[in-house]
Amino acid sequence: ASAAAAAEEPIQPAVEVKHTQLLINGNFVDAASGKTFPTLDPRTGEVIARVAEGDSEDIDRAVAAARRAFDEGPWPRMTAYDRCRVLLRFADLIERHAEEVAALETWDNGKTLAQAAGAEVPMVARCVRYYAGWADKIHGLVAPADGAHHVQVLHEPVGVAGQIIPWNFPLLMFAWKVGPALACGNTVVLKTAEQTPLSALYVANLLHEAGLPEGVLNVVSGFGPTAGAALSSHMGVDKLAFTGSTGTGQIVLELAARSNLKPVTLELGGKSPFIVMDDADVDQAVELAHQAVFFNQGQCCCAGSRTFVHERVYDEFVEKSKARALKRVVGDPFRDGVEQGPQIDGEQFNKILRYVQSGVDSGATLVAGGDRVGDRGFYIQPTVFADAKDEMKIAREEIFGPVQTILKFSGVEEVIRRANATPYGLAAGVFTRSLDAANTLSRALRAGTVWVNCYDVFDATIPFGGYKMSGVGREKGIYALRNYLQTKAVVTPIKNPAW
Ligand code: ADP
């Protein structure tokens, strides 16, 4: 059924591509070089549109616009309440255009329309409103210094923020980055991922309709080693925020350090454990573990990609996980009832299939999937490996695809040790009815998020980020504000300290 579905004629998206140029200083403009690049429909590999290809000259123009908007423009100077209102109007506009925004996201990325429209666009609006609410609630403090000094600690915007986002959640990453930066009064140059440039241009236009002054948000489409590297190493950028792979995170951190030591926050890869204890309701555990890894075609930095299952429930768990994967509906992400669309592009598609081969070669048991779906686009069968061993590549490296790797364990101490034996530390899942097991595991696991009896809960108020090589710093919640504020101490003598 899955293969037939993917072979159908692609459904025509209910949206037109309106914006393909760079957004610099409030205007849509061509790249300085005049170059463009194609953005592809992952369902077919065909071109959706050609998009202006920004490189270092365009980054220069965008940073200059952001600099001017910060140094001379109204944005950091207007009342915090007025900034709040621009962001609130933006959230309203996103909701008004929700259908087009979601369709564009599905078209460019391949994620299901149900997910884009039902979850992600509402989360984007929610995130923007959350940070809108912070705009006029950021304030400093007075330090109780010894001696005759009055000490004010001011929280000021950092300045020009450079932001680089990935292709797996283009709009949500836009909101996580732009929301706190703008609420704090910064100006922004955002570089989108080359695979998914469309939705950010669309909503950035809405943000201007909401009253954002020119130059405050500049959006440059383009490639990593050109536009992304130019932004990371730019002397006029005061802060860099990056979401992507760990290897690229190391590159941008180095570029930032070698240029002007701009502070960097990084949200990177993961190999997150999902731990099923022996007291778990197996049917529920199977479903949650399945969602934890297969959500968004498996293209999540926090995917629960190492499924650790207690030996007492292991055989039943594997059988049921296999059945669940075989039932997963793969097909055109615009079609109702489809759970899994295509992978983002040919590169990821090939990489995932290489990992599948490596799983087979290393002796893991392939219990479901393992092949492509159909002969067009980048669809992959929901794949399950059982009897995996910790040292196998499929249990160590980030696959970023619909591949579940099931490992057997027999005790809490053991699973803690094995779950933590990874350079990553982004997230973890724990499934149990025991409060003691939940408490022990959630404290022992070295990860930025531990989801207990749930997974992938991304509320705007919850901080998100990694331990170890999964990242530096936190996004969302009040923690993201720290990334976009400078701290200034103002010290004045007091004439009469008695008062
Ligand atoms: P992936 O391998 O999944 O595409 P990347 O980490 O390479 O993940 O991509 C995330 C973002 O980082 C994208 O916007 C990409 O263009 C950008 N990027 C890639 N290489 C570099 C680089 N050398 N410097 C700056 N940004 C980069």
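Everything quoted here is computed from the prediction, not taken from an experiment. We count ligands from 1, going down the list as the structure has it; atoms in each ligand are counted the same way.
For atom 7 (O) of ligand 1, the nearest non-hydrogen atom of the protein is T248 OG1, 3.2 Å. In terms of protein heavy atoms, atom 2 (O) of ligand 1 is closest to S245 OG, 4.1 Å. Among all protein heavy atoms, the one lying closest to atom 18 (N) of ligand 1 is G224 CA, 3.3 Å. With respect to atom 17 (C) of ligand 1, the closest heavy atom belonging to the protein is I164 CG2, 3.7 Å. Nearest protein heavy-atom neighbour of atom 15 (C) of ligand 1: E194 OE1, 3.6 Å.
Protein heavy atoms all stay at least 4.0 Å away from atom 9 (O) of ligand 1.
There is no side-chain donor-acceptor pair under 3.5 Å between E254 and Q250. Using modelled atom types and a 3.5 Å distance limit, the side chains of Q343 and Y379 yield no donor-acceptor pair. D108 and T39 form a side-chain donor-acceptor contact under 3.5 Å, judged by distance and modelled atom types alone.
Shown in contact with T243 at under 4.0 Å from a heavy atom are these atoms of ligand 1, numbered in order with element: 10 (C). Ligand 1 places these atoms under 4.0 Å from at least one heavy atom of I251: 23 (N). The contact set between ligand 1 and I165, taken as ligand atoms under 4.0 Å from a residue heavy atom, comprises 11 (C), 13 (C), 14 (O). Within the listing of ligand 1, atoms 6 (O), 11 (C), 12 (O) sit less than 4.0 angstrom from a heavy atom of F242. Residue G228 has at least one heavy-atom neighbour below 4.0 Å for each of these atoms of ligand 1: 24 (N), 25 (C), 26 (N). Close approach of ligand 1 to K191 is summarised as follows: ligand atoms under 4.0 Å from at least one heavy atom of the residue are 14 (O), 15 (C), 16 (O). Atoms of ligand 1 found under 4.0 Å from any heavy atom of G244 (numbered from 1 in listed order, with element): 6 (O), 10 (C). Residue A193 approaches ligand 1 through these ligand atoms, each under 4.0 Å from one of its heavy atoms: 14 (O).
Remark: E398 does not engage K351 in a salt bridge, criterion side-chain N to carboxylate O under 4.0 Å. Using a 4.0 Å cut-off between charged nitrogen and carboxylate oxygen, K262 and D238 do not count as a salt-bridge pair. Of the charged side-chain nitrogens involved, none lies within less than 4.0 Å of a carboxylate oxygen, so that R89 and D92 do not count as a salt-bridged pair.
Taking the six-membered ring where tryptophan is involved, the planes of W167 and F400 are perpendicular, since the angle between them exceeds 60° and thus also 30°.
For N168, no heavy-atom contact with ligand 1 is shorter than 4.0 Å. Neither the backbone nor the side chain of L231 comes within 4.0 Å of ligand 1, counting heavy atoms alone. Here W167 has side-chain heavy atoms under 4.0 Å from ligand 1, and that is the only part of it that gets that close.
Distance CZ/F37 to CD/Q195: 8.5 Å, rounded to 0.5 Å.
Taking the ring centroids of W176 and Y130, they lie at or beyond the 6.0 Å cut-off.
Atom CD of E57 is surrounded by 12 or fewer heavy atoms from other residues, nucleotides or ligands within 6.0 Å.
Paired with D390 under the rule salt bridge (charged side-chain N to carboxylate O under 4.0 Å, His left out), one option of K271, R396, R418 passes, and it is R418.
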